[in-house]
Amino acid sequence: SALPPPRAVDARTKALQAPSTRMIACNEVDPREDLRRERSTASFPARELAALLAGGETKLVLRERVADAVRNDPVFSKKGKYFMERAELYSTTLEKYLALPKLARDLSKQGVGEPMAIARIIREMIDEPGGLDLHLGMFIPTIRGQGDDAQNKFWMPRCLKLRVIGTYAQTELGHGTYIRGLETTATYDTQAEQFIVHSPTLTSTKWWPGGMGKTATHAIVMARLLVTERGELADKGPHAFVVQIRSNANHETMPGVTAGDIGPKMGYNAVDNGFLRFDHVRVARDAMLMKHARVSSDGTYTPPPVAKAAYGTMVFVRSDIVMNAALYMKKAVVIATRYNLVRRQSNPVKATSALLRSASSTQNESTEKLETQVIDYQHSQRSLFPVLAKAFAFHTTSDYMRRMYFEYEKQSRTKQDFSALPELHATSSGLKAYCSWATKDAIELCRLCCGGQGFMALAGFGTTFGNYAPNATYEGDNNVLCLQTARYLLKVCRAAEAVGRHSTRSAPGDALGTSSSLDASASQMVTAAAAGAARYLLERPSANVHGGSSRRVGRDLDLIVSAYAHAARRQITAAARRAGSLPADSAMQSDMVAWIKAAKAHCAYVVVRTFKDAVCEVGAKKYVSHQTQTAMERLVALHGLATMDDCMGDFLEDGYLDAAGAEHVRVEITALLAELRPDAAALTDAFALDDYFLNSALGATDGDVYARLLYEVQDAPFNKKHTPPGYETLLRDRLRKGVEGTSKL
C-alpha cells in the first residue's frame, strides 16, 4: 500500500474519528474501478483497432512480448528517472542503449521476432533520447545513403558493433537551416590527396549536434567543399565528410579538434549536445562520402547526377519526425484522457447503481453522491477528443510518409529515378513543420487538462514536452520548411497555368498540353503533381453558392476533404497571383506570412485526406468490424470538423461557408463528442502504449493514480532525510528559537 502503516492511537480517539472517516469514505470511488467500467462501455473492441494500428495481431503480440522483456530487465528500469541529476540520467540512458542489442538478439533467439524489429521497439520504449541517438538516427543512415559501396563496407560493421560512435555535425553557431551558408570548409590538397577541414570563423563552430558533447568518436561534418579549377578556388557547396574527433584509445580529442558539451537545456538533457571546431585538420580523400558527388585524386569534381540527390537522408529524418509526432501525441493524450476519466471534480450527483457497486462497501445508497468525472465536462471533451482524433490522423499520415519515402528510395536506388524527390521534399518539409508544431502544442494542452497534477514530473508531461519540443526547431526551422513547401506549390501553380494556357490551343486528346511546343518541365511538373498530394491544385474550384442555400459540410468525409482542398487552393492561388512573374525566392520574401499560412493549409489538407483515405480503405477491405469502422469514421469527421472550427476564418473568408454553415460545424462537433464519449478509454487502449513507455503516474493502464503518486514521492531522494539541504547552517538556529516555552508573553 502507498499509505503509511496506521499509527497506534487510543480507543477513544479512534471511536471519535470513525464516523467522520465513514462519512468521507462513502463518497470515494476506486479510480481503478472507474477505468474498468469505462472500458466496459466501449462500442467497439479496442484490441481489434490496436491490431490494425500495429499492422496486424502478430506485430501487436511482438510489441507486447518485447515490452514484457524490457519491463522485467533491471538494466531498463525507469525507477527514479524523474528524480535524477543530469549525469545519472545520461549514464543510465546510455546503459540502456548499450544493453539494447543483446536483449534484441536474445529475444530473437527465443523466436520473438527479427532482431532489427525488436531493437526498434526497445528504442521507442526507452523513450529518452541519449548520446547514441544521432549515431543511430543520422550517422548510420547518412553513410548508408550517401556513402559508396566501399565506404559502406568499411564503416557499417564498425558502426553496428559500436567500434565507432558517430554524430552529425551540420548546424553552426551562425547557421542552421540555411545549409548553403555553412562556413566550415573542406579544402582539397591535390598533392597530398587530402582534405583540410577548418573552422575559419567564430560562427563556423559546429553547435548543437547530439552526442558530440561527450559520446561521439566520429562526426559526419557538413562542410563547404573547395577545389582548385583552372587555377582558381571553386566552392562546390556543402558536402559530407567523416572525421574522427576523439581517440578510440582514450577518448581525448584528436589533434586540431576542440569539442565539448553546450550545457543544460530546457529538456533533452540525457543527450550531450555539443560544440566542435577544427584547426587545419587533415583527412583522407575517401573521408568525403562519394555515392553521389566525387572528387578524384587529381581534384576533379564530379557533381551528383541530380542536384539534390543527397537530400535523401534529410528527407528520411524529416519523415521520421512525422512518425514521432504521432507517437508523442498519442502518449500525451493517453495520459490526459485516462486521468480525466478517473479524476472527479465538483458537481456531486446521485450515483447510479453501477457506480455504487464500484464504490466502497461503507457507503449509504440513500445519501450517496459522487463528484463528476472531469471527462464528462464538455470542455474537457472538446480539448482532448480532437487531440485523440489528430493522433490517429498523424498515425495514418506517418504511414503515408513512410511509404512515400521508401518508394522514392527504391526508385532512386534501382533506377536512378529522382523524379519523385521534389514532391517528397516538399511534403516531408511541410509535414515535419505542421506535425511537430501540432504535437508540441498538444502535449501542453494535455498537461493543462490534468490541472495541477499535470505539472508534476511524475505525470510525464515535463520530460515528454522537453524532449519533444526541439522537433519544432531542429532539422530545419519550421517556418523555413513551410516556405520550401510553398516554393513547390508555387511551381505547381505556375506549371498548371502554363499547361492550361497551352491546352486551349493544343490538339484534342492532349489534355495536359504535353506537345513539344510546351516547356517540358511544366508538363513534367503537372504530370507528377497529378499523382501526388498537390493534385487538388489542378482541379476546378468549388462554387461558392449551392442554389442560394447555405453550404453544409456535415459528416460527409468527401465534403470535409473538399473543404480543406478549397481552403488550401484559394490561399495558394491567391499568393501565386500576387507573386506574378517574380522569382520564387523574391515571391517568398515579399509575401512570406501568406505563403507560410498557405503551406500550413496544404499540410492540413494532406493530413485529413490521408486519414480519410486510410479509414475508407479499411472499410472497403473489411479489415475490422462495423463497430470499429464506425468509431474510426467518427474520428475522421471530428478531426476534420474540429480543425476546421479552429481556423474557421479560412473557410468563411471567400464565402465557402457562411455563418449558418459555421454554426452547423459546431453542432456536428458537439454531437460527435457525445458519441465518442463512451469510447474514450477504448480509444486510448487502441494505441497499445505500454505503461513502461508511458512512465506516468496519471496515465497507467490500471488507473490507480493516487496510490501511484503517493508511493513514488515517498521514495524520492529528496525525502530520504527529514531535514532539508542547508538545515544545519541556514535554518536550525532560527527554528530552535521557536521551541515551545521560550515565549516572553
Side-chain angles (χ1 to χ4, degrees), residues 70 73-103 122-139 162 164-169 171 205-219 245-254 257-277 456-470 474 692-693 695-697 712-721 723-727:
V70 170
D73 189 325
V75 173
F76 291 91
S77 171
K78 293 183 181 179
K79 183 175 176 58
K81 173 184 169 180
Y82 293 127
F83 304 107
M84 291 179 182
E85 298 294 335
R86 188 184 177 203
E88 186 182 5
L89 182 63
Y90 169 86
S91 62
T92 56
T93 302
L94 182 60
E95 184 181 24
K96 291 178 176 66
Y97 276 94
L98 294 175
L100 186 157
K102 181 180 184 302
L103 180 58
I122 297 173
R123 186 183 175 200
E124 175 187 302
M125 289 186 168
I126 291 173
D127 189 32
E128 185 67 58
L132 293 179
D133 244 41
L134 256 66
H135 176 75
L136 300 170
M138 283 294 289
F139 190 75
L162 291 181
V164 302
I165 298 174
T167 184
Y168 185 84
T171 301
T205 304
K206 296 296 182 183
W207 191 267
W208 271 113
M212 199 162 72
K214 291 290 183 182
T215 313
T217 60
H218 290 67
I245 61 174
R246 290 186 176 92
S247 165
N248 279 65
N250 58 16
H251 217 61
E252 294 289 333
T253 53
M254 300 297 288
V257 172
T258 302
D261 184 84
I262 64 171
K265 305 162 293 279
M266 288 176 63
Y268 222 68
N269 283 309
V271 178
D272 51 321
N273 297 88
F275 64 87
L276 176 67
R277 287 188 59 81
M456 292 193 67
L458 290 169
F461 292 115
T463 54
T464 300
F465 183 85
N467 289 341
Y468 186 81
Y474 66 41
Y692 174 84
F693 168 75
N695 197 27
S696 169
E712 291 283 352
V713 298
Q714 289 181 96
D715 202 37
F718 204 71
N719 285 326
K720 294 301 181 185
K721 292 175 63 178
T723 55
Y727 172 77

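Everything numeric in this text was worked out from a predicted model, so none of it was measured.
Between atom CH2 of residue W207 and atom CD1 of residue I262 there is a gap of 6.0 Å, rounded to the nearest 0.5 Å. The distance from atom CE of M254 to atom OG1 of T217, rounded to the nearest 0.5 Å, is 9.5 Å. Here D127 contributes atom CG and Y468 contributes atom OH; the two are 12.5 Å apart, rounded to the nearest 0.5 Å. To the nearest 0.5 angstrom, L100 atom CG is 8.0 Å from L136 atom CG. Note: M84 CE to N269 CG = 13.5 Å, rounded to the nearest 0.5 Å. For the atom pair CH2 (W208) and CG (L134), the distance works out to 12.5 Å, reported to the nearest 0.5 Å.
Minimum heavy-atom separation, L458 to V713: CD1-CG1, 3.6 Å. The nearest pair of heavy atoms linking V75 to A99 is CG1-CB, 3.7 Å. Pairing each heavy atom of P129 with each of Y268, the nearest pair is CG-CE1, 3.4 Å. Closest approach of A259 and L276 over heavy atoms only: CB-CD1, 3.9 Å. Between F83 and P717, the closest heavy-atom pair is CB-CD, 3.6 Å.
With sequence neighbours left out, K78 forms a side-chain hydrogen bond (donor to acceptor under 3.5 Å, both in side chains) with no residue at all. Contacts of F139 classified as ring pair (Phe, Tyr, Trp, His ring centres under 6.0 Å), with partners at least two apart in sequence or in another chain: H135.
A salt bridge links E128 with K81: at least one charged nitrogen is closer than 4.0 Å to a carboxylate oxygen.
At a threshold of 4.5 Å between non-hydrogen side-chain atoms, the residues E88 and T93 do not count as touching. At a threshold of 4.5 Å between non-hydrogen side-chain atoms, the residues S696 and F461 do not count as touching. Between V70 and F693, every side-chain heavy-atom pair lies at or beyond the 4.5 Å cut-off. L162 is listed as a side-chain neighbour of L98, based on a closest heavy-atom distance under 4.5 Å. Within the 4.5 Å cutoff, side-chain heavy atoms of F275 are placed close to those of T258. Within the 4.5 Å cutoff, no side-chain heavy atoms of L103 are placed close to those of K96.
One N or O on the side chain of R246 and one on the backbone of M212 form a donor-acceptor pair closer than 3.5 Å. Put simply, the side chain of K265 gets close to the backbone of V271: a donor and an acceptor are under 3.5 Å apart. A donor-acceptor pair is defined here as one N or O able to donate and one able to accept, closer than 3.5 Å; no such pair exists between the side chain of Y97 and the backbone of I126.
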For this session: Quick one: do T171 and Y474 satisfy side-chain contact (heavy atoms from CB on, under 4.5 Å)? Show the steps, please.
Result: CA-CA 9 Å; T171 301; Y474 66 41; over 6 Å; no
For this session: Please report the C-alpha distance between D715 and K720 in whole Å, then the side-chain angles of each, then the deciding distance to 0.1 Å, and finally whether the side-chain contact (heavy atoms from CB on, under 4.5 Å) criterion is met.
Result: CA-CA 8 Å; D715 202 37; K720 294 301 181 185; 3.4 Å; yes
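Just one of D261, D133, T167, D272 meets the side-chain hydrogen bond (donor to acceptor under 3.5 Å, both in side chains) condition when paired with T215; it is D272.
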